[in-house]
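Please read the structure below before turning to the comments.
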Amino acid sequence: MIDPVAFTIFGISVAWYGIIIASAILIGVFLAIKEAKRRGIDADLMLDAFIWIVPIAIICARLYYVAFEWNAYSGNLISILYIWEGGLAIYGAVIGGAIALYLFCRHKKISFVQIVDIIAPSLVLGQAMGRWGNFVNQEAYGTAVTDTSLQWFPYAVFIEKSGPNGTWHLATFFYESIWCFIVFGILLWYQKKKQKTAGNVMLWYLVLYGIERAFVEGLRTDSLWLIPDVIRISQVVSIGLVIVAGAALIYNNYIKKKKHTISI
C-alpha cells in the first residue's frame with residue numbers, strides 16, 4: 001500500500017490525493033487555454049472561468065458525496081472538510097462546474113456552448129488522473145475477487161483495509177481511468193475537426209463517459225445509493241445523460257442539418 005501522505009512540511013501533511021487532483025486541474029487549465037487561443041479567445045478569459053469553476057466544482061463534488069453518505073459524516077461534521085481523505089463525486093463537480101460556468105458566461109456575455117466544448121477534454125483528463133488518487137486512498141474499488149488465478153493487477157487490486165487481512169477486489173478505478181484516457185484522446189481529436197456543430201464535444205463526453213460509468217458503477221462496492229441496495233444514483237444519472245446527450249447529438253448532426261438543407 002502506498003502511504004496516502006506524500007510528505008510533511010512544517011507539520012502539515014500533504015496527501016497524494018490532493019497532489020494528483022491539483023496536477024489534473026493545472027494540466028486541464030493549460031490544455032483549455034491552448035485550445036482557447038487556437039479559437040481566438042483571450043487566455044485571461046479562460047483563467048477567469050477556471051477561477052469561477054474549480055472551487056465551486058470541488059465544493060459541489062463534496063456536498064453531492066456527503067448528501068448520499070450523510071450517516072458517515074453526521075456524527076462529526078468537521079470531517080466534511082477532509083477532502084484529502086477522498087469522497088468527491090464527479091457528477092457533483094460536473095453539475096456545480098456547469099452552473100458556475102453558465103453564470104460566468106452570462107456575466108461575460110460569451111457563448112456557454114463554445115466554452116464547454118473547450119473544457120470537455122480537460123474535464124475527462126482530470127477524471128482519468130483523479131482515479132489514481134482513489135488508488136492511493138484505496139477506494140472506488142469493485143467486488144471481491146476470490147479466484148486466485150484472477151488476483152493480479154490491473155484486473156484486480158489488493159485492498160489492505162478490506163477485512164482483517166486485506167482482500168483482492170476488481171480494480172474499477174483503473175478501468176475508469178483507462179477509459180477516460182481513451183475518451184480524452186477521442187475528444188482531443190474531435191475538437192480539432194474543422195467542421196463540427198457547437199456543443200458536440202461536450203455531448204460526446206457525456207455519452208462516452210456515461211456509458212462507461214453506468215457499467216463500472218455496477219461493479220463497485222462503495223456506490224452512492226438513491227435507494228439502498230436497489231438503485232445506484234450514478235447509474236441513474238449516467239443513463240439519463242447518455243439518453244439526453246445522445247438525443248441532442250442526433251438532433252444536432254442529423255435532424256437540424258436536414259432541416260437546414262431542406263430550407264435551402
Checking Ile83 against Ile21 for the side chain to side chain contact (heavy atoms under 4.5 Å, CB included) test, could you report, in this order, the C-alpha distance in whole Å, the side-chain angles of both residues, the deciding distance, and whether it holds? CA-CA 11 Å; Ile83 61 173; Ile21 296 298; over 6 Å; no
CA sep, side-chain torsions, deciding dist, call: Ile119, Phe50, side chain to side chain contact (heavy atoms under 4.5 Å, CB included): CA-CA 10 Å; Ile119 290 175; Phe50 275 98; 4.2 Å; yes
Ring centres under 6.0 Å, that's the criterion: do Trp225 and Phe68 meet it?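 Between Trp225 and Phe68, the centre distance exceeds or equals 6.0 Å.
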Strictly under 6.0 Å, is that where the ring centroids of Phe174 and Phe153 end up?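 Yes: the rings meet the under 6.0 Å criterion.
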Quiz: residues 52-63 side-chain donor-acceptor pairs under 3.5 angstrom, not counting sequence neighbours:
| from | atom 1 | to | atom 2 | distance (Å) |
| --- | --- | --- | --- | --- |
| Arg62 | NE | Ile80 | O | 2.6 |
| Arg62 | NH1 | Tyr73 | OH | 3.4 |
| Arg62 | NH1 | Gly86 | O | 2.8 |
| Arg62 | NH1 | Gly87 | O | 3.0 |
| Arg62 | NH2 | Ser79 | O | 3.0 |
| Arg62 | NH2 | Ile80 | O | 3.2 |

Do other residues, nucleotides or ligands put more than 12 heavy atoms under 6.0 Å from Lys37 NZ?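 Result for NZ/Lys37: open.
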If only atom types and distance count, is the side chain of [X] paired as donor or acceptor with the main-chain N or O of [Y] below 3.5 Å?
{"X": "Arg39", "Y": "Ile118", "result": "no"}
{"X": "Ser122", "Y": "Gly28", "result": "yes"}
{"X": "Gln138", "Y": "Ile159", "result": "no"}

Which atom names give the shortest non-hydrogen contact between Thr172 and Ala140, and what distance separates them?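 Scanning both residues, the minimum pair turns out to be OG1-O, 2.6 Å.
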What's the shortest heavy-atom distance between Ser74 and Asn71, and which atoms?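 In terms of heavy atoms, the two residues are closest at OG-O, 3.6 Å.
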Pairing donors with acceptors under 3.5 angstrom, does anything connect the side chains of [X] and [Y]?
{"X": "Tyr209", "Y": "Glu176", "answer": "yes"}
{"X": "Ser238", "Y": "Tyr91", "answer": "yes"}
{"X": "Asn200", "Y": "Asp117", "answer": "no"}
{"X": "His169", "Y": "Thr143", "answer": "no"}

My understanding is that only residues two or more places apart in sequence, or in another chain, count here; which of them pass side chain to side chain donor-acceptor pair (under 3.5 Å) with Trp204?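 In terms of side chain to side chain donor-acceptor pair (under 3.5 Å), with neighbours along the sequence ignored, Trp204 is linked to no residue.
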Could you work out, with side chain to side chain donor-acceptor pair (under 3.5 Å) as the rule, every residue matching Tyr141, not counting sequence neighbours?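 Testing Tyr141 for side chain to side chain donor-acceptor pair (under 3.5 Å), a comparison that skips the adjacent residues, returns none.
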Distance in Å, Leu208 CG paired with Ile182 CD1, rounded so as to fall on 0.5 Å steps: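 Spacing of CG (Leu208) from CD1 (Ile182) equals 10.5 Å.
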Given Leu31 and Phe184, is the side chain to side chain contact (heavy atoms under 4.5 Å, CB included) satisfied, shown in steps? CA-CA 11 Å; Leu31 290 174; Phe184 168 70; 3.8 Å; yes
Might you work through the side-chain hydrogen bond (donor to acceptor under 3.5 Å, both in side chains) test for Gln127 and Tyr205, ending with a clear yes or no? CA-CA 12 Å; Gln127 290 173 248; Tyr205 157 75; 2.6 Å; yes
Parallel, tilted or perpendicular: which one describes the rings of Tyr155 and Trp152, with boundaries at 30° and 60°?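 Correct class here is tilted.
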Walk me through it: do Val244 and Leu206 pass the test side chain to side chain contact (heavy atoms under 4.5 Å, CB included)? CA-CA 9 Å; Val244 173; Leu206 294 174; over 6 Å; no
